[in-house]
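Scroll down for the structure; my scribbles are underneath it.
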Amino acid sequence: MTGPAVVTTRAELAALLEPHRRAGSRTGFVPTMGALHEGHASLLREARERVAGGPVVASVFVNPTQFGEGEDLDRYPRTLEADLQLCAREGVAVVFAPEVAEMYPHGVGADDGVMVRPGPLAKVLEGRTRKGHYRGVLTVVAKLFGLVRPDVAVFGQKDYQQLVMIRRMVEDLCLGVEVVGAETVREPDGLALSSRNAYLDEEQRRQATALSRTLYAAVESAPYGPGPALDAARAVLRESDGVDLDYLEITTPDLGPLPEDPPPGYEARILIAARVGSTRLIDNLPLILGAPRA
Ligand code: PAF
């Protein structure tokens with residue numbers, strides 16, 4: 001198993017990718033903050049399938065500009081050796097693991113450089129409590145797109161708002177990257193895989209299953225409409241201990257408000273965020289509203 005080439009500077013990355021570009025290969029890209037797990041592995045596989053033998057690049061960079069004050073920037077898990085092994089297993093050609101100064105030569109303050117203004121979707125759901133989060137996410141993704149210049153980039157549906165906003169940025173800023181959203185990978189008990197699951201102790205790990213159980217209860221009741229779907233979801237939450245709910249909402253697939261009377265078969269999205277202990281977890285699922293039961 002040959003491992004990926006590991007580079008830390010823009011110049012090294014450009015030098016490695018140039019021959020592929022000249023050969024006309026498609027480049028796939030999976031941006032990550034490291035602490036890779038099977039969810040990331042599925043993104044890397046998805047990218048590989050879409051580049052027909054071209055290189056897949058993964059970035060490993062804990063991006064300071066997307067962490068707010070009091071968030072977990074300092075304790076975010078950093079596991080580069082294990083990440084490289086997973087990348088080798090998944091046939092990644094290049095891992096780009098820059099230092100902060102390489103990505104932000106002018107500094108990481110909000111006024112230190114040009115940043116992406118994330119638009120109205122940054123004010124809903126996650127954006128209500130995580131001020132500046134999406135400005136940081138979109139800025140680093142735009143920079144990484146500029147450095148890797150991928151044909152296709154794969155993101156997890158687990159961070160659904162992030163996925164929708166990246167799609168919107170690519171469209172609005174004409175970035176010319178195909179953005180693919182890969183399905184969430186779950187533990188057998190339904191918990192969505194996340195690097196932050198590593199913070200949970202045994203009891204919290206058990207309590208955390210309430211998020212996916214809540215969503216599946218809503219999916220089950222969705223044929224009766226959004227009200228019954230939310231009622232079913234809330235009933236699960238009431239019976240779950242240790243879960244401090246931030247939001248539970250049903251939206252359109254692009255995170256807008258639902259139409260007043262969604263027609264039968266309307267595809268919506270249900271999203272949840274909650275704290276279990278001091279760990280903030282998010283999850284979401286598609287759901288079909290008002291479809292007749294089979
Ligand atoms: O989803 C993540 O891991 C991060 O938000 C991303 C897209 C790598 C940007 O730092």
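One-based numbering, in listed order, for ligands and for the atoms of each. The first residue of the sequence shown is numbered 1, and numbering continues consecutively from there.
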For ligand 1, which atoms sit closer than 4.0 Å to a heavy atom of [X]?
X: Gln162; value: 1 (O), 2 (C), 4 (C), 5 (O), 7 (C)
X: Val140; value: 9 (C), 10 (O)
X: Asp159; value: 1 (O)
X: Pro31; value: 8 (C)

Determine whether Tyr76 and Glu71 satisfy the following criterion, side chain to side chain donor-acceptor pair (under 3.5 Å), listing intermediate values before the conclusion.
CA-CA 9 Å; Tyr76 197 86; Glu71 292 190 350; over 6 Å; no

Show your reasoning for whether side chain to side chain donor-acceptor pair (under 3.5 Å) applies to Arg269 and Gln161.
CA-CA 11 Å; Arg269 201 88 194 177; Gln161 186 172 4; over 6 Å; no

Applying side chain to side chain contact (heavy atoms under 4.5 Å, CB included) between Val154 and each of Glu46, Arg45, Glu49, report the one that passes.
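Single side chain to side chain contact (heavy atoms under 4.5 Å, CB included) partner of Val154 among Glu46, Arg45, Glu49: Glu46.
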
Close N or O approach (Asn63, ligand 1; < 3.5 Å):
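In fact, backbone or side chain, Asn63 has no N or O that close.
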
Could you say whether the N/O atoms of Thr32 and ligand 1 ever approach to under 3.5 Å?
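Between Thr32 and ligand 1 (N or O atoms, distance only) the closest approach is not under 3.5 Å.
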
For atom 9 (C) of ligand 1, grab the closest protein heavy atom and report residue, atom and distance to one decimal in Å.
Gln66 OE1, 3.3 Å

Do the side chains of Leu271 and Tyr160 get nearer than 4.5 Å, heavy atoms only?
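Side-chain contact under 4.5 Å: yes.
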
Does Leu258 reach the side chain of Leu289, with side-chain heavy atoms less than 4.5 Å apart?
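SC-SC contact between Leu258 and Leu289 confirmed.
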
If you round to the nearest 0.5 Å, how far is CG of Leu125 from CG of Leu255?
6.0 Å

